[in-house]
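Below: one structure, written as structure tokens.
Just so it is clear: chains get the letters A, B, ... in the order the sequence lines come, proteins before strands, and each one is counted from 1. All values reported here derive from a predicted model rather than from experimental measurement.
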Amino acid sequence: MQLEKGRILNFELIMLMIGFIFGTSFIISPAKSGGQNGWLAVIIGIFEALLIAFVFVSLSNKFKDKTIVQINDLVYGRILGKFVSLIFLWYLFHLALLVLNLFIDFFSTEIYINTPPTVLLIFLLAVCASTVGRGIEVLARCSVILVPLTIFIGIIDAALAIPNMDINNILPILDIPMGKFLWAAHSAAAFPFAQTVAFTMVFSSLNNNKGRYSNVAMAIIISGFYLSFLQLRNALVLGPMISNYIFPSYMAIQTINIADVLSRLEVIVTIFFLFLGFIKVSVILYGIVLGSAQMLSLRSYHLLIIPIVILMIIMARSNVRNFVEALDFVEKGWPIYALPWEAGIPLITLIVAILRKLPRTEGEKI
Amino acid sequence: MKKMRLLPDLNSGKKAEAKQEPAPIYLSGNLDEDLTKIRNILGQSSDVIIHKMRIGSHGTIDAGIVYIDGLVEKALIHRDILQPLMFNMQMVEGDNKRKHSDILGFIQSSVLTAADSAPLKDIVGVTDAVLSGNTVIIIDGVNQALDINLKGWENRSLEEPKNELAIRGARLGFNETLRLNTALLRRIIRDPRLTFETLRVGQRSKTDVNIVYIKGLIDDSLIDEIKQRLNRIKTDAILDVGYIEQYIEDNPASLFPQVGSTERPDVTAARILEGRAAILVDGSPFALTVPMLFIEAFQNVDDYYARPFFASFVRWIRLSAFAVSIYLPAAYVALMSFHQELFPTPLLVTVAAAKEGIPFPVVLEALIMIVLFEILREAGLRLPRSLGQAVSIAGTLVIGQAAVSAGLVGAPMVAVLASTAIASFVAPALADLGALLRIIFVILAGFLGMFGIIILSLELISQLAALRSFGVPYLSPAVPPNIRDLKDIFIRAPLWAMKDRPESIGPHDIKRQSDGLKPGSDEANDNRSKKY
């Protein structure tokens, strides 16, 4: 039974993945605890992420036209497989809630102070839901339009911020305890890079199965270095106080003032934050509805979109008490909490699959 | 792309159609009987001319001629049919020993001086031919009729297209007569493979619809798809290409136009040469072209007739004008109601001063102005031309001056709306869409500011990414990306550099021209500079 008929190109996958990884990272910095050395921590984080990605990409490579939910069914059998899938879907759902929290709270604390956050939430989820309803192909094409724009704007911002930069702001390099630095690197790997485990729901839609890992690696490396570049920009502008800012990118852009004409660009830049939020939430939502539909053996996933979106709206408002709590969780809790899903379960599944000598050739009963 | 074209096959529809049709009534060979039948079908209308005559040597053969007054060239009927039949036949006939059954063939080949004629067998064929303007001759004792094309009616003369003007292009637009339009295309493309395929659409109007394409250049599945979609139309009348467009588009719920339309033969020819198909409808001076890409709305003939530098620049102007036409009022509303800090301070002071004393919130102000503008535009279109001037003067005074001084709207809003209005005329294919989007954007901007504008933009982008026109993604070649086709999107590459036809449309024959056409690169061209 084929739930998703759309096919995406490798290039579209890379764009989608870059957009996904950028996601929240434009609002809050990855490797925040690294302070002004965050940009180096991100680069170290890339390597860890590549290792993690290698596991889940190898897993999905063994079952080329299957999503992780279908793979679980094959590897663990019907009942245990559904249980593992359910756990995986919970991870996606929790991730979606967290991303929504970060986005909506960013907008409601910085710009829309008087607008009820739920209204923003409903509108954002509505557009995500309508895109998910159109399928992965459309979502991937949207990312091809939106992601290059975002990359371009980030570079322009950095260029405009050059007058405010001071090389002394990032000196001395690596003047923090090694443990703290490595923790920062690991937290960057866990949020956002290793979250690409959500793409195990998307890989099966690729129309070209060659070089899957190199594409994923390319997406991680491009986005990683770009994020590192943004961190560097923020650190150069804001200095050692960078870890005191909740939204460093927003702050760094706020300082731009070219001849009193190009100033207050930050609201314009939030447009691009929103593009990325849209991509990230849509990919996760797509994973959840497709995964649930496959788990429940439904014939179409469209029926599930609205119930799940409503569930998200309700739970996103009660998930955390306030923005600081969400941020704290992302910083301190997530790097540990997410490890089982991002690295653990895919690794176990891969080992079990290898031990059971799966996938077997066609015709053989499992 | 493949999926969309592989919709249910053509044959199943045709079989069902054949079953429904009554068996054809053949001509009996008895002149009076046949003419009565024809008279019964065509009725007693005064414009139907059914004339009996005697032809041949010494007037021995009874014959009838049927045509519709006003659709034929009477002078030609006299010269090419009646005169040969009644006088010349006697001279040619000579020995008068021909078989009776072959008399029709004899008349067709040796007597008539009209070239375009064909035998017909059934009564419905006769009436259809007569109604489409042909002249039919029936001869007593022959169970066939002769269908002669001597169409001729009053035409609007060929004029410069009203809506698509070109600075350097031909001053020639399509006309209401199908045959004239096909001739215009034939004059531009003298390729023997240029094909006009005729279909009849509309059960009462029986409108001639032509699919125009170049065989061997176009993807055959596209032709099949067009034919299938046209054959699906079972309506009573097709009054204009607009009817066809609404029956064959891919997604009727989308705001975006999915079928291209032009009134210029050169544009139509260019699109046919890129591997598209054109659809011409009798009675309409517009040609539809499919598939349509979004970027076509921003391409103009002058882009290709002028040198590439300015053309590329103007394309950017058009794209940004379109963005201005849908975003500017909404952006102003968003800035005024949510993000005042985005105004540079001196401007903010001016704008705030102008807003002082205006009773309405800025959203309402914008909506009032937009609706007023649309009313004005509509009135200007519908009024007799002589009154149009009066309306525009009244409109300018009322909206521009009186509304501001009466304190109903602020002066900045008028400036915003005026720029929007001008910008909206730059891409005429998207003007209707722009008017609707503008209003929705303004309402959302009033509720949610920039956030609302972006959310709706994302929804539009996602709709555009999902849209297809005859199987071709609407946003191609930008998305899904095709690097080689980008030569005619954001820039207009020089003609000698556009070596290939656009791949995204999927022509069979991709090569447009040979390599090395860049002027000045050839040694031989350099002779003159050495000489002087």
**OP:** For chain A, find which of Thr345(B), Ile461(B), Leu448(B) contributes the most heavy-atom pairs closer than 4.5 angstrom.
**Re:** Leu448(B)

Subject >> Non-hydrogen atoms of Ser462(B) and Val138(A) that approach each other most closely >> reply: O-CG1, 3.2 Å

Original post:
Within a radius of less than 6.0 Å around CZ of Phe323(A), do more than 12 heavy atoms belonging to other residues, nucleotides or ligands occur?
Top reply: yes

**OP:** Verify whether the ring centers belonging to Phe451(B) and Phe123(A) lie closer than 6.0 Å.
**Re:** no

Original post:
Going through the distances and angles, do Tyr112(A) and Met450(B) end up as a side-chain contact (heavy atoms from CB on, under 4.5 Å)?
Top reply: CA-CA 10 Å; Tyr112(A) 297 97; Met450(B) 204 71 92; 3.6 Å; yes

**OP:** Test side-chain contact (heavy atoms from CB on, under 4.5 Å) on Leu464(B) and Ile145(A) and set out the steps.
**Re:** CA-CA 11 Å; Leu464(B) 277 171; Ile145(A) 303 171; over 6 Å; no

Original post:
Taking C-beta and beyond as the side chain, do Phe275(A) and Ile454(B) meet within less than 4.5 Å on heavy atoms?
Top reply: yes

Subject >> Neighbour count >12 (heavy atoms, 6.0 Å) for atom CG, Leu311(A) >> reply: yes

Original post:
Side-chain contact, heavy-atom cut-off 4.5 Å: Phe338(B) with Ile111(A)?
Top reply: no

**OP:** Would you name the heavy atoms of Leu274(A) and Leu458(B) that are closest together and state the gap between them?
**Re:** O-CD1, 4.3 Å

**OP:** Return the option, out of Leu146(A), Leu9(A), Leu120(A), with the maximum number of heavy-atom pairs under 4.5 Å with chain B.
**Re:** Leu120(A)

Original post:
Which region of Thr115(A), side chain (C-beta onward) or backbone (N, CA, C, O), has a non-hydrogen atom less than 4.5 Å from a non-hydrogen atom of chain B, or is it both or neither?
Top reply: side chain

Original post:
Got Ile453(B) and Ile271(A) here, is their nearest side-chain heavy-atom distance under 4.5 Å?
Top reply: no

Original post:
Most heavy-atom pairs under 4.5 angstrom with chain A, which of Ser457(B), Gly452(B), Gly449(B), Ala465(B)?
Top reply: Ala465(B)

